[in-house]
Amino acid sequence: QAQLVESGGGLVQPGGSLRLSCAASGFTFSSYAMSWYRQAPGKERELVARITAAGGSTNYVDSVKGRFTISRDNAKNTVYLQMSSLKPEDTAVYYCNGRVWNGGRMDYWGKGTLVTVSS
């Protein structure tokens, strides 16, 4: 019943911007740390950005620092990834993830949205 649905992916030129959204339902969103992962062809899935449950702290992979911003709106059960100065190497399927610790780790995943950066 828990569900994460990503949107906002598409084709963008190098140097352009894109905003991804992830809408959550079926669980207590405000108790979960939320993350964006991505997987490019021939590469492992990597953590791109993470934000704590209350939104007080964020983490980013080195390759996107200064270009991407993760944020959340707990009143709307939504997490965002604002991407700017996009590069061809950012091309990947981007996945939304929710995680909570309560007697063990619990994870929920979205199906992903494709971002293609190309001229």
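Here the structure is a predicted model, which is why all the values come from computation and not from measurement.
No side-chain heavy atom of K76 sits less than 4.5 Å from a side-chain heavy atom of F29. Contact check for L20 versus Y80: no side-chain heavy atoms found under the 4.5 Å cut-off.
N74 approaches S30 most closely through the heavy-atom pair ND2-CB, 3.7 Å. Of all the heavy atoms in A24 and L4, the pair that sits closest is CB-CD2, 3.4 Å. Closest heavy-atom contact between S85 and D90: O-OD2, 4.5 Å. Taking each heavy atom of V61 and L47 in turn, the nearest pair found is CB-O, 3.4 Å. Summarising the geometry of W36 relative to V79, their closest heavy-atom pair is CZ2-O, 3.8 Å, with the distance given to 0.1 Å. Nearest heavy atom pair, residue Y60 against residue T69, reads OH-CA, 3.4 Å.
Between R50 and Y37, the side chains place a donor N or O and an acceptor N or O closer than 3.5 Å (distance only, hydrogens not considered).
Residue N77 holds its CG atom at 8.0 Å from OG of S25, rounded to the nearest 0.5 Å. Rounded to the nearest 0.5 angstrom, C96 SG and Q3 CD are separated by 11.5 Å. The CZ atom of R38 lies 10.5 Å from the CD atom of E44; values are rounded to the nearest 0.5 Å. Here OG of S71 is found 8.0 Å from CD of Q82. Values are rounded to the nearest 0.5 Å.
Under the 4.5 Å side-chain contact rule for hydrophobic residues, L86 and L81 share a cluster. Under a hydrophobic-cluster definition in which Ile, Leu, Val, Met, Phe, Trp and Tyr are linked whenever side-chain heavy atoms come within less than 4.5 Å, directly or via other members, V93 and M34 are assigned to different clusters.
Ion pairing of K65 with D62 is present here, as a side-chain N (NZ or NE/NH1/NH2) and a carboxylate O approach within less than 4.0 Å.
With a 6.0 Å cutoff to the six-membered ring centre and a 45° limit on the axis angle, R45 counts as a cation-pi contact of Y95. Remark: R72 is not positioned above the aromatic ring of Y32, lacking an NZ or CZ atom under 6.0 angstrom from the ring centre and at most 45 degrees off the axis.
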Can you list, pair by pair, the side-chain donor-acceptor contacts under 3.5 Å of residues 106-119, counting residues two or more places apart and other chains?
| unit_1 | atom_1 | unit_2 | atom_2 | d |
| --- | --- | --- | --- | --- |
| D107 | OD1 | R99 | NE | 3.4 |
| D107 | OD1 | R105 | NE | 3.0 |
| D107 | OD2 | N97 | ND2 | 2.9 |
| D107 | OD2 | R99 | NE | 2.9 |
| D107 | OD2 | R99 | NH2 | 3.3 |
| T113 | OG1 | G9 | N | 3.3 |

request  = Dump the intermediate steps for side chain to side chain contact (heavy atoms under 4.5 Å, CB included) on M83 and Y94, then the final yes or no.
outcome  = CA-CA 12 Å; M83 305 181 292; Y94 285 71; 4.0 Å; yes
